[in-house]
Structures are given as structure tokens and as C-alpha cells.
Q: 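Could you have a look at this structure, given as C-alpha cells, before my questions?
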Amino acid sequence: MLFDVSEIQELRAALESQSLPARYREQVRQDQARLRPFLGVAPNIPGQGEAGGAEHAQHKQNYQLLHLASQLWLLTERPEYLAFVRALLLGYVDIYESLPSHVSKDSNPPGKLFHQCLNESMWLLYGCDAYSNVKAQLSAEEQRHIEQRLFVPMVELIADHNADDFDVIHNHGIWSVAAAAFAGLVLKDATLVRRALYGNAGDGVSGGFYAQLDRLFSPDGYYLEGPYYHRFALRPMILLAEALKQNAVDEAIHEYRDGIIGKAIRCLFELTFEDGRFIAINDSSKTMGLTDEGAILGAMTLAGRYGQTDLPVALRETLASPSTTLPYLASLRALARTLEENDAQGSPRGSRFIADGASGDQGGIGVLRASTEAGHEAMAYLSFGQHGSDPNLHSALDHGHFDGLHLGFYNGRHESLTDYGFCRWVNIEPKFGGRYTPENKSYAKQTVAHNTLVVDESSQHGLSTPRACDNHGELVHAETTRSDLHGISARLTGYYDGVELQRSVLLLNLPEVAEPLLVDIQCADSDQQHRYDSPLHFMGQIMTTYPRLAPLESPHALGEANGYQHLWKLAESDALDPDDSARVTWLNDDTFTTAHICASNPVRLVHGLIGAADPDNNLRNEPYLMARSAGRRQVFATLIETHGYFNEAREISRGARPSVDRIAILFCDETQVVVSLTLDSGKRYRLAAARRESGPHEVTLDDGRYRWNGWFDLSAG
């Protein structure tokens, strides 16, 4: 289903003549070596087991090996690969119908092989593909057994017994409809294929593959649930699109909705740090990245179906590595072109705004990039789109975090301002069955777990998912073309009752400073008095502080609820007046980072660790820094500077002090903010951010009138 006959013939001929590209030959060699221990022995088909346990892992490995062996059969026609596929498929025929439903430990319906039906869909998709590759070599009786006693019961479980989940607009739903479509193709069941494409109601809106493409992705390709689930949803989407095209069911699928499949792939690549990891918006792993199979499939699809070969450097390095397992072999020709047509560095990535929502009108994500002194990529992102959940689509679609105007920063070497991601130990059975732990809701989803403004120690929308899903941020302005600065400004209304929030984030390139500077201006406007907390979550060891962070004699939790109960309060500073600025420097591996912080009202700093009220040790003990203030109108201005180098083994430390001396708020009201940046040399810059209109603007400062046009202004003096 994934190969054109002419491609198979061409690949066989090239393999026999040793004319395949070296990377392709290495892939075939690795795949053959991977399969060798499983050939000529009885297949290992376990019964049921716990989530993430040995049985789960074996069933997963079995469908992966089925898929691989069937492809190697097509490529080499070696009988041992055919025998392996035949034995494994018939082995599952012998057990499947007699298995009871698995015991489900969460809200997802169970399968028979796995504790959730999602994994059953994955097995069915790969099993059907493997079967299609060898079907012509099986007897009529073997075909009947595999189709009627394995695939048909699996389809009945996925599409009939769990019909509501089959129609869910969700990453589980994409896998369900893709598996059903693959089954429909091998069973020659046009009705089943149509159900998979248009849903049980047949309307293409309430369910089915086209509804997934229409409702889960914005016109820019952003996926509702965030990058972690984006890469998971890519895999069945790409595989099904390939099968639909190869089998002439929908030969224009790659052009559907203005090429949404290609846009979704490109968008995911935009949401990665230079090291290849995805940004951890919503429920997300901190380590998942471009080595994932969905991303690799995406690279091949861009090259093979869209003629796009400009890929992130981290992905190019992954594809070129002999240790990378490439998912389906025919597309390696497109991959070979990708690696041959681009130089090793690739093209630098720019800044951009990515719209969120099915119609592109529900906020979005601003991504800012600038080159570092060493030629690496600094990247800041500001997230203010839809919530990342939608109970109107399905109750399981609940991976959103209460983190409007969340800021993250990768300084070219490390993730400097971090997102906690999810609270989950994936597939570690002793850790709550490998599922989401209770602390995912009590901490990871809460606003204080993110780098965004917290009002009155509460979370946005009162931690109500339905309320959050009815709201989204608003783009004020994105500046991505200037050489001296790139910036994004966005606004939230209704996230907190009676408080409007606005945030402007800028990456500056100053000639006197080696690395790009991140400037963050947070504004809150209200008619009432409120407590405002601005947390910064970071990695590293604090080196120096001003004012002094005095350790508490008895550390205690920072608060009682809304995530504060999970924050140890270890140290606190005296209050700073608005005309003074705080400065905290920390060391992360070989790099120093300094945060300069000032506020429009007196501000106090708190330092501590995540991990209070955590009896099962489910939380990671990571540090945080928090600026705390109170007032009606509040402005926090923060500058993050990366500087210096440290090598303990060589006993080298240089540049441990920042180039910026202080930051100050010169003017702020409901229409504009002006801050000053003073370097250690004494030179001063003024940075202005408009809040409502692009100008012209004019304000009175201590040293005279200051005028500028546009949304952002940067000037010396």
C-alpha cells in the first residue's frame, strides 16, 4: 500500500547491482541485522500485561518487525522474511478472538492486546500494511484466516464497539481512522474506507480523516494539542495519505486544504530548538524531538511529495546518521535528494508568527530567532493560542495547560527559560502505570508552572477547561524583518476576571553585546488591587544575586493551592523600589545567564525548588525565581543575557559578569512602555513598545521628549 510497483522493481535492481546510495545500502544492512535474531524461531506472542510492561513492549515490537520484514521481503524476496511475516500474523490469528478486553486504567477504552485501544489501532495499521506486502504469497485459506479472524475483529473493536472514539477529533482518532482505512484497503471493503475518510455519519465533519485535517490543524499547520502530540498525529496522517495516493483513492490528498499535510510538517519543524527538541507546550515530553518517526516521515514527505528539501540542521544530521532507522524504504530516494541538494549547514531559520485555530483566528505562537556569536540559533517563543484542549470534540482531548502568554527561551546552547512539560514517567509502570500522575493537574497544568504572569496566586480561567476553550489570546504585533530586533506582542482578556494582560517579547542585537538579548515586558491593567507574580523557571546553579536572597531558616511551601503548594520557598530578598533593578546570575553547564528584573511597583524576589507536597516524588526538583509585586497597573521588565564560558576540567572561567549593568522602566501607561538598558560601559539604549497603536508616539521622560513611529523602537542615548 505504500509502494508503487515500479519503485519496488527499481529498488530491487539497484540493490542487486550495488547502485543504491550508500546511506540506503547501510539502511538495508541495518534492517537485516535487526531482524536476524527473530528469523527461523517460533514467534514470541505474549498474552495481556500491564501498561508499559513486557507484554505491551513485545506486542509493539511485533508490529514493528512485521512492518519491517514485509518491506525487506518486497526488496529482497528472501523467503525467511516471508516466513517470519506469515508465522507472526497466523500466530495472532490463533489468540486474538479468545482474548478478553484489557483492563483499562484510564478514560481511554481498552483494546485486547493493549490497555488502550489507541495501541490496537497502531498494531492494525502496521499489521495490515505488512499483510498487503505478502498477501499474494499466502494461500487462500491463510488469507481468509488473517482477514476474518484478525483484521475484521480488530476493526469491529476499533470502529464499531468504540464508535464514539472512532469519530473523535483527536490524535487517537487519526490513528483509528488510518487503521480502519488500511484494513478497508486490504479487505477490499470500500464502505469501510469511506467510513474512515468521512466518519460514521458520512458527513466528513463529525468524524473521519478529512475532519481531522480540517479541525485539528490551523491554516499555518499548527496542531491543536501542541508539538508533542503533533508529531504523534503526523505518523498516521502521512502513512494514510501515502496509501490513499498509491491506491488511487485520493490522488490529490497532498493538495487537500491548500497542502495542509505539508504545512503541518513544516510547522512542527518550526517548533523545535536548534538541538532538535520540540518546545514543550501543553502536555509534552522534554526530550521528544526530530528523531521521532513522525518527524522523519515528514522529512521524506516534504521531499517526495512537495519538492521541499530545506530541513532543520538537527533533522538533517539525524537523517544522515547511520544509527537512524528510516521508516519506509521507497522514500529514501527523496531522502537521498534531500541530503545531496543541501550543504551541511542548511538555511538559517527566521522569525515568524504561527496562527492557531482551525480558521487561524485563535491567537497563536510567536517564534523569534537570532544568530549567536558562535553562529548558533537563539530562539524565544511566546504562546497565546487556544487552550490545547476541546471537550466539545472529546473528553480525552484535554492536554492543554493554563499558560497564556507563556515565554520560553533557548539561548543557542541551552534551554535557558524552561517549560516543565507534562508530569508523567512514560511507560514506567511503578510510576502510576506510566500514565499522567496526579501532579500533572495539581502542578504542571497550573499557570505558576510556566513563565507567565500569575494574578492573586490563582490559575488562568480558574483551571476550568471549558472556560479556557472559549477564550484565546490576541496578536497585537509581530516584527520579524528588522536587523536590530525581532519582536512579538500579544494580549489576553478574560483569563483573569477584571485584569487585562499584555506581553511584548523582543530579541535584540546590540553591537556592544556578543549574544542576542531577550527583553520581556509584561503589563497588567486592572481597576482593583492584585498580587502579581512573575516566575522564571530555569536550569542551573545560582552564582550571584542583587539584592541578596536570604535563605529561610525553615523552607516551606510557597502557597496552599494552584501549584504553589508544590513550590518550596528557600530564599527571599528585601523589597526593591521601582527605580532599582534586581540581578540574578546562574550557571548552566558551561554558560552563564543573568536575569535583570525591574517593576513599576516595589518588587521582592523569591527563589526555590519544585517538589513540595509530593509524597511519591513524581515532580522533578528544578529551580525557579519569582518576582512578586502588587498594585492595580503593573509592569515587569526583564532582560535575559547569555554570557561567558566555564570549563571546570580546564579550570577556565571567563565573562562571568554580564555586559548589561541595569534595566529601568522610564515610562508606562495603557498605550506604551519605555525601558532603558544601561551597559557596563555606561552606554544607554532606550527600548519602546507600543501597546495599542503603531504610532506616532510621544512621551515625556526626565531627559526630554521622546518620539518614535511603529510598534517597537530601539535607539541609543
Side-chain angles (χ1 to χ4, degrees), residues 280 283 286 401-407 417-425 431-432 436-464 495-496 499 522 524 529-542 545 547-576 582 584 586 595 597 599 601-631 634 636 638:
D283 284 341
K286 295 291 293 180
H401 286 197
F402 296 83
D403 62 345
L405 295 182
H406 165 64
L407 170 65
L417 298 182
T418 68
D419 189 334
Y420 187 87
F422 56 35
C423 189
R424 181 185 184 190
W425 301 92
K431 280 294 190 183
F432 205 63
Y436 287 94
T437 70
E439 291 77 15
N440 195 60
K441 183 174 182 179
S442 63
Y443 180 71
K445 285 179 176 282
Q446 302 277 352
T447 302
V448 76
H450 303 85
N451 304 314
T452 191
L453 204 61
V454 185
V455 180
D456 297 329
E457 297 190 14
S458 62
S459 280
Q460 296 168 359
H461 297 116
L463 210 72
S464 167
Y495 280 56
Y496 289 105
V499 182
Q522 298 182 92
Q529 188 86 357
H530 294 280
R531 161 66 68 82
Y532 296 106
D533 290 338
S534 177
L536 294 178
H537 297 270
F538 65 95
M539 297 298 293
Q541 178 69 37
I542 288 182
T545 70
R548 179 175 179 266
L549 286 166
L552 303 184
E553 289 186 7
S554 299
H556 55 79
L558 189 59
E560 297 180 354
N562 304 317
Y564 282 74
Q565 76 275 21
H566 290 301
L567 295 175
W568 286 114
K569 181 179 179 181
L570 303 181
E572 186 175 29
S573 76
D574 292 333
L576 276 181
V584 179
W586 63 84
I597 304 169
N601 296 301
V603 64
R604 189 184 303 270
L605 298 185
V606 170
H607 169 245
L609 293 173
I610 301 166
D614 182 22
D616 296 320
N617 299 299
N618 288 330
L619 293 165
R620 303 188 303 270
N621 302 128
E622 297 173 352
Y624 73 90
L625 183 70
M626 182 182 290
R628 315 195 78 180
S629 189
Q634 175 69 38
F636 288 104
T638 303

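The analysis underlying the following values was restricted to heavy atoms, covering all of them including side chains, and did not include hydrogens, waters or symmetry mates. Quick caveat, the model's predicted, so the values are computed rather than measured.
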Q: Answer yes or no: is there a side-chain heavy-atom contact under 4.5 Å between Gln460 and Tyr496?
A: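 Sidechains of Tyr496 and Gln460: in contact.
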Q: Less than 4.5 Å apart, any side-chain heavy atom of His607 and any of Val584?
A: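 Contact flag for His607/Val584 side chains = no.
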Q: What I'd like to find out is whether the side chain of Leu558 reaches to under 4.5 Å of the side chain of Arg628, using heavy atoms alone.
A: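 Side-chain contact under 4.5 Å: yes.
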Q: Using atom types as modelled and distance alone, determine if a side-chain donor or acceptor of Ser534 lies under 3.5 Å from a backbone N or O of Ala627.
A: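 No.
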Q: Heavy-atom distance under 4.5 Å between the side chains of Leu552 and Leu570, does that happen here?
A: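 They are not in side-chain contact.
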Q: For the pair Tyr495 and His461, evaluate side-chain contact (heavy atoms from CB on, under 4.5 Å) and give the outcome as yes or no after the intermediate values.
A: CA-CA 5 Å; Tyr495 280 56; His461 297 116; 3.3 Å; yes
Q: If only atom types and distance count, is the side chain of Tyr420 paired as donor or acceptor with the main-chain N or O of Glu622 below 3.5 Å?
A: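 No, Tyr420 side chain to Glu622 backbone: no donor-acceptor pair under 3.5 Å.
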Q: Tell me whether His401 contacts the main-chain N or O of Ala444 through its side chain, where contact means a donor paired with an acceptor under 3.5 Å.
A: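 Yes, because the side chain of His401 sits within donor-acceptor range (under 3.5 Å) of the backbone of Ala444.
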Q: According to side-chain hydrogen bond (donor to acceptor under 3.5 Å, both in side chains), who are the partners of Asn451, at least two apart in sequence or on a separate chain?
A: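 Applying side-chain hydrogen bond (donor to acceptor under 3.5 Å, both in side chains) to Asn451 gives none.
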Q: Donor-acceptor pair, distance only, cut-off 3.5 Å: does the side chain of Lys431 make one with the backbone of Asp616?
A: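 Here the side-chain-to-backbone pair exists.
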Q: Do Asp533 and Tyr564 get their side chains close enough for a donor-acceptor pair, meaning under 3.5 Å?
A: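 The answer is yes; a qualifying pair exists.
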Q: Kindly say whether Lys441 contributes a backbone atom to a donor-acceptor pair with the side chain of Gln446 at under 3.5 angstrom?
A: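 Yes, the answer is positive, given that a donor and an acceptor are paired below the 3.5 Å cut-off.
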Q: Taking atom types as modelled, is there a side-chain donor on Asn562 or Glu457 under 3.5 Å from an acceptor on the other?
A: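 Looking only at side-chain atoms, Glu457 and Asn562 do not form any donor-acceptor pair under 3.5 Å.
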Q: Examine distances only and state if a side-chain atom of Ser629 and a backbone atom of Tyr532 form a donor-acceptor pair shorter than 3.5 Å.
A: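 Pair absent, no side-chain N/O of Ser629 close to backbone of Tyr532.
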Q: What is the ring orientation for His537 with Tyr624, classed by angle as parallel under 30°, tilted 30 to 60°, or perpendicular over 60°?
A: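 Taking Tyr624 first and then His537, their aromatic rings sit tilted (interplane angle of 30° to 60°).
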Q: Is the count of non-hydrogen atoms from other residues, nucleotides or ligands lying under 6.0 Å from Gln529 atom CD greater than 12?
A: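 Yes, CD of Gln529 has more than 12 neighbouring heavy atoms, counting only those of other groups under 6.0 Å.
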Q: Keeping Arg604 on the side-chain end and Ser573 on the backbone end, is there a donor-acceptor pair under 3.5 Å?
A: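 Pair found, side chain donor or acceptor close to backbone of Ser573.
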Q: Under 3.5 Å, side chain of Lys286 to main-chain N/O of Asp419, donor-acceptor pair present?
A: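 Yes, the answer is positive, given that a donor and an acceptor are paired below the 3.5 Å cut-off.
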Q: In sequence, state the C-alpha distance, the side-chain angles, and the governing distance for Val603 and Phe636, and then conclude on side-chain contact (heavy atoms from CB on, under 4.5 Å).
A: CA-CA 9 Å; Val603 64; Phe636 288 104; 4.0 Å; yes
Q: For a 4.5 angstrom cut-off between non-hydrogen side-chain atoms, does Leu625 reach Ile597?
A: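 SC-SC contact between Leu625 and Ile597 confirmed.
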Q: Is it the case that the side chain of His566 and the backbone of Ala613 share a donor-acceptor pair, with hydrogens and angles ignored and the cut-off at 3.5 Å?
A: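 At least one qualifying donor-acceptor pair exists.
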Q: Using modelled atom types and a 3.5 Å cut-off, is there a donor and acceptor pairing between side-chain atoms of Ser459 and backbone atoms of Thr447?
A: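 Checked: pair present.
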